[in-house]
Amino acid sequence: MLDYAFRRVLWVIPVIVTVAAVTFFLMYRAPGGPWDREKTLPAATMQRLNAKFGLDKPLWLNQQEFAERRSEGVTNPLVLISAITDSQFLNYMTGVFRGDLGPSYASKGAETVQQLIARKFPVSLKLGIVALVFSIVVGIPLGVVAALRQNSWLDYLSLGTSTLGVSVPTFVSGLLLLLLLSSSFGFSPIRSPEEWAGFGPAYILPGIVLGLGTMAFIARLTRTSMLEIKRQDYVRTASAKGLSSQRVITGHMFRNAMIPIITILGPAAADLVTGSIIIESIFGAPGLGREFVESISKRDYSVIMGTAIFYAVLVAIANVVVDLSYGIVDPRIRVRR
Amino acid sequence: MSQATMTLATEAPAPTLPGTLGSMRAPRSLWSNAWRQFRRNKLAIAGLIYLTFLAFVAVLAPVIAPHNPVQSDLRTAGKYRQAAWIETDNPKTAGDWSYPLGTDGNGRDVFSRLVYGTRISLVVGFIPMAVIMVIGIPIGLMAGFIGGTLDNFLMRLTDIVYAFPALLFFIIMQISFGDTNIGRLLNGLVLLFITLSIINWTGVARLVRGDTLALKEKEYVEAARASGASAWRQISRHILPNALGSIIVAGAFIVPGAIIAEAVLTYLGIGLRPDVDLNAPFPTSWGQMIQAGQTAYRNQAWLLIAPSVAVALITLSFTFVGDGLRDALDPRDQI
């Protein structure tokens, strides 16, 4: 188990390297430099800025620097390695592993991308927490009730809601909900920065909309796994030996039905990340998702790159945690490995 | 029951087997069984009917749409005219049945745009799905059947793909290639096909690989192998037909995913470009309409409602059809 856990955690490293490399490659060849403004900057300024942020260095390998050091007669391999690796790509990659995602070019380097993430992410995190709590608190009871009263109107209601939630994308349901609330209750999504600063009611509506898809998925999964467990031998044994139906449900069925739910928390993390990008824009939440969308229109490439890598790391970690907790929760799996 | 068996028995003309075994009913193939199962699911049938209807709408758009979807006609149509049943004091914006869902900020008929938008949704759903299948199935079959390096590579690749939220990758792809020649082709439709195909094939490949691994250990494949069937014959005659059920189910869920991705990317302003050509075959998409509707829903609510409901209905239909197909074809796990 420990061996497996160790390998699983280490596997995150090549994942991050690949994601960062692909992102870097794609964003590097994107049109327009970081200093493109409506008014073109003087060439000298541009040169100065490029030098300041290391953008004048070669892309992959710094062979020029390497050759210069060699001609100076340097033989120390460490110096030579640091010379040839002094390139834009390799500097960026080492930066990623040190937690340095480079300067935000739109702010002319006044703020680094990691500072921006640290400033914006808390809002997204709070939204994510609301969404996750909502999806679990509503989704699980919905699924349990549906399974216990299979083919009743309660079952159909729960199934209908969860099918809607699974298939209708959150940005459509979010927009329609916003429209409904604003036309019938005069609701306005515009909130002051102070309302977002705390952990107040501003988070409720966007959090719920963000969690709709996950809630529906959890409800569907709970219903299926409860129905499956209902037919298991140990459930029949439990009722046969005279346990009250309540104890059978809570002690035998519910606990086992929760195991598959854990597995979807990984995909759910990815869902919440992508969902927050759109939900934050719709509801004007000043989080990282909206910052990401704004950096797209501002063409602030380092922010796009850094945020994407940050999100990928987040999802990779969520997947690892889920994989490991699966083994802890379900002893059968631990033995098999 | 017995009566039904009787009538069926008369349809089966060849009771060659002795006793009761042979004369029960005409043999039913896997596919006719699946179709019977599928037909029993009313929601799936409703979804299928709606999708067929949309296919007709897409093809017959020039006949159905009352106005040109691109032509700006502010003088008669009016800016932000309300939906037909909504009365206002201003005759320029009062509802009028010649513009059933009202008009947008450029005086274009919302209903006509909605009708034409069907085309992009269907194309953007089905073409990437076809590409994904063409790439994913052979690779999955090979990885499962041969194993080795290809299999290892595929599994590692899918691990990486799973860690990278697809939408983020789509966004980066669109930014990176949006202004190139490929990005401008058909207002960005071609790039969108590439973007939506490039990652999703790994999921199909992994699914087919898993099926292949399980199927190649089955007795009938072993029997084929023992009687000297070539690898190609084992795959094409025994493994692929038996894996087809789960492949079709997976396909039914890829299509709505691609439709949503198009809408989201266009909504974010990095998907399809608006078309100004009056005779364009793909003049607008529901994603573009939602984007326009979000900024103006206070002026004209149906500008937002119509495309949102259209997207919701099409994805819902695909879920129904997909669920029905899974019940009929792939009874392994039903979520």
Side-chain angles (χ1 to χ4, degrees), chain A residues 11-12 14-16 18-19 22-23 25-32 163-164 166-169 171-173 175-176 178-179 182-183 217 220-221 223-225 260 264 266-267 269-271 273-275 277-278 281-282 292-293 296-297 299 301 304-305 307-308 311-316 318-319, chain B residues 43 47 156-157 159-180 183 253 256-257 259-261 263-264 267-270 286-287 290 293-294 297-298 301-305 307-320 322-323 333-335:
Chain A
W11 174 237
V12 174
V15 168
I16 295 171
T18 318
V19 168
V22 168
T23 317
F25 169 74
L26 285 176
M27 291 309 294
Y28 183 84
R29 59 159 314 292
T163 309
L164 265 179
V166 165
S167 49
V168 177
F171 91 109
V172 167
S173 47
L175 281 171
L176 285 178
L178 192 66
L179 183 83
S182 67
S183 63
F217 199 60
R220 267 171 84 124
L221 200 63
R223 178 181 179 272
T224 324
S225 71
I264 72 136
D271 254 21
V273 163
T274 43
I277 294 172
I278 295 140
S281 313
I282 292 176
F292 186 65
V293 173
I296 293 171
S297 55
R299 307 239 147 197
Y301 292 152
I304 301 176
M305 219 152 51
T307 316
Y311 278 145
V313 171
L314 215 61
V315 173
N319 280 328
Chain B
L43 287 176
R156 297 293 85 82
L157 189 69
D159 275 344
I160 292 166
V161 167
Y162 280 162
F164 202 6
L167 183 66
L168 287 181
F169 180 76
F170 295 162
I171 289 173
I172 290 167
M173 273 293 286
Q174 293 292 119
I175 296 171
S176 180
F177 293 97
D179 280 334
T180 59
F253 287 102
I259 292 174
I260 294 171
V264 170
Y267 171 78
L268 293 177
I270 47 174
W286 293 341
I290 291 177
Q294 200 215 345
Y297 69 91
R298 282 168 201 283
W302 281 88
L303 207 51
L304 178 59
I305 298 173
S308 302
V309 171
V311 170
L313 280 180
I314 196 172
T315 51
L316 201 60
S317 304
F318 272 107
T319 310
F320 287 156
D323 282 350
D333 52 355
Q334 291 163 13
I335 297 170

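Just so we're on the same page: letters track the sequence lines, and every chain starts at 1. Just so it is clear, the structure is predicted and the values come from calculations on it, not from any experiment.
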> Given that the side chain runs from C-beta out, which part of B:L316 has a heavy atom under 4.5 Å from chain A: side chain, backbone, both or neither?
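Looking at B:L316, backbone and side chain both touch chain A.
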> Considering only heavy atoms, which portion of A:L176 lies under 4.5 Å from any heavy atom of chain B: side chain, backbone, both, or neither?
side chain
> Can you tell which part of A:V22 gets under 4.5 Å to a heavy atom of chain B, answering side chain, backbone, both or neither?
side chain
> Take A:T163 and B:L43 through the side-chain contact (heavy atoms from CB on, under 4.5 Å) test and state the conclusion after the steps.
CA-CA 11 Å; A:T163 309; B:L43 287 176; over 6 Å; no
> Do you know which of A:V15, A:V273, A:T274 has the most heavy-atom pairs with chain B at a distance under 4.5 angstrom?
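Among A:V15, A:V273, A:T274, the one with the most close pairs to chain B is A:T274.
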> Less than 4.5 Å to any heavy atom of chain A: does that hold for the side chain of B:A263, its backbone, both, or neither?
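Both parts, backbone and side chain.
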> Between A:F25 and chain B, with a heavy-atom cut-off of 4.5 Å, which part of the residue counts as in contact: side chain, backbone, both or neither?
neither
> Please give me the minimum heavy-atom distance between A:V166 and A:F217, naming the atom from each residue.
CG2-N, 3.9 Å
> In terms of heavy-atom proximity below 4.5 Å to chain A, should B:Y267 be classed as side chain, backbone, both, or neither?
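Only the side chain of B:Y267 comes within 4.5 Å of chain A.
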> Using a cut-off of under 4.5 Å on heavy-atom pairs, state which of B:V309, B:I314, B:I171, B:L268 scores highest against chain A.
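Sorted descending by pairs with chain A, the first entry is B:I171.
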> What residues, two or more places apart in sequence or in another chain, satisfy side-chain contact (heavy atoms from CB on, under 4.5 Å) together with B:P256?
B:T315, B:F318
> For B:S317, check side-chain contact (heavy atoms from CB on, under 4.5 Å) against everything at least two apart and list the hits.
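For B:S317 the side-chain contact (heavy atoms from CB on, under 4.5 Å) partners, ignoring immediate neighbours, are B:Y50, B:L51.
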> What heavy-atom pair brings B:Q294 and A:I282 nearest, and what distance separates the two atoms?
NE2-CA, 4.0 Å
> Checking A:V172 against B:I260 for the side-chain contact (heavy atoms from CB on, under 4.5 Å) test, could you report, in this order, the C-alpha distance in whole Å, the side-chain angles of both residues, the deciding distance, and whether it holds?
CA-CA 9 Å; A:V172 167; B:I260 294 171; over 6 Å; no
> Work out which heavy atom in A:T23 is nearest to a heavy atom in A:A308; give both atom names and the distance.
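Closest approach of A:T23 to A:A308, heavy atoms only: CG2-CB, 4.3 Å.
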> Of the backbone (N, CA, C, O) and the side chain (C-beta and beyond), which part of A:L314 lies under 4.5 Å from a heavy atom of chain B, both, or neither?
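Neither part; nothing is under 4.5 Å.
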> When only pairs under 4.5 Å are counted, which of B:I270, B:V311, B:I290, B:V264 shares the most heavy-atom pairs with chain A?
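Answer, by heavy-atom pair count under 4.5 Å with chain A: B:V264.
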